[in-house]
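Letters go in sequence order (proteins before strands), and every chain restarts at 1.
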Amino acid sequence: AQSVTQLGSHVSVSEGALVLLRCNYSSSVPPYLFWYVQYPNQGLQLLLKYTTGATLVKGINGFEAEFKKSETSFHLTKPSAHMSDAAEYFCAVTGGTGNQFYFGTGTSLTVIP
Amino acid sequence: KAGVTQTPRYLIKTRGQQVTLSCSPISGHRSVSWYQQTPGQGLQFLFEYFSETQRNKGNFPGRFSGRQFSNSRSEMNVSTLELGDSALYLCASSLAYSYEQYFGPGTRLTVT
């Protein structure tokens, strides 16, 4: 079975500051991990994914995440926040047969000018 | 390449009615998954179809059903609507056996 925990339902950062969104997972099989972003009244857009290989994954819009098996974490970071980063962010895990995804409850990111 | 499309985008129904939502996947994608998104429960997996067969099912009552056609388009049906069914219903498509899902904009269902 798989599950995801996102710590902090709301995160506020100043424009230009570091963005850190936390995600911890539980998986009985090697996990495939994802970060999605959702803007108001839109669907989810894939930011980045970890399947196998390099544990530091770079995504779109300057985001990156590091898979740490020992900590069962997949935290999302961005060195410098931009106003356009304000959105809801979801961490997700899959690993079983087919394509069943398990999503975290989401973190709402606010960027303060 | 066109993205995932969902119709209608907004829908208002009354309790007891039934509703059908439609999803057209990205061309070439054979897997379609459906999710329910609500403020209280977040994103919950409903079911996944692959080559017209339901491959996975989440923990939802039998009032929620779906199907997939030979062209990979999928429909989701909810019968005997309840107030708690008000939600954003998202559809996602992916290539066969790919873990990368592409989401549509969703259908906002309001049950009154």
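Ionic pairing of B:Arg63 and B:Asp85 is present here: one or more N-O contacts between side-chain nitrogen and carboxylate oxygen are shorter than 4.0 angstrom. With respect to the salt-bridge test (charged N to carboxylate O, under 4.0 angstrom), the residues A:Lys49 and B:Glu100 qualify. Electrostatic pairing of B:Lys57 and B:Glu48 does not count as a salt bridge here, judged by no charged N lying under 4.0 Å from a carboxylate O.
Considering only heavy-atom pairs separated by less than 4.5 Å from chain B, the leading option among A:Thr105, A:Thr51, A:Leu44, A:Asn41 is A:Leu44. Comparing B:Gly42, B:Pro105, B:Gly58 by how many heavy-atom pairs each has under 4.5 Å with chain A, the most go to B:Pro105.
Neither the backbone nor the side chain of A:Tyr102 comes within less than 4.5 Å of any heavy atom in chain B. When heavy atoms are compared at a cutoff of 4.5 Å, A:Gln38 approaches chain B solely by way of its side chain, counted from C-beta outward. Contact of B:Leu90 with chain A is made through the side chain alone, with heavy-atom distances under 4.5 Å. For B:Gln44, no part sits under 4.5 Å from any heavy atom of chain A, backbone or side chain. Only the side chain of A:Leu46 comes within less than 4.5 Å of a heavy atom in chain B; its backbone stays farther off.
Between A:Phe74 and A:Tyr50, the two ring planes are tilted [angle within 30° to 60°].
Screening residues 102-111 of chain B for salt bridge (charged side-chain N to carboxylate O under 4.0 Å, His left out) gives no qualifying pairs among residues at least two apart or on separate chains. Among residue pairs with one or both ends in residues 3-91 of chain A, those qualifying as disulfide bond (SG atoms under 2.5 Å apart) are A:Cys23-A:Cys91; sequence neighbours excluded.
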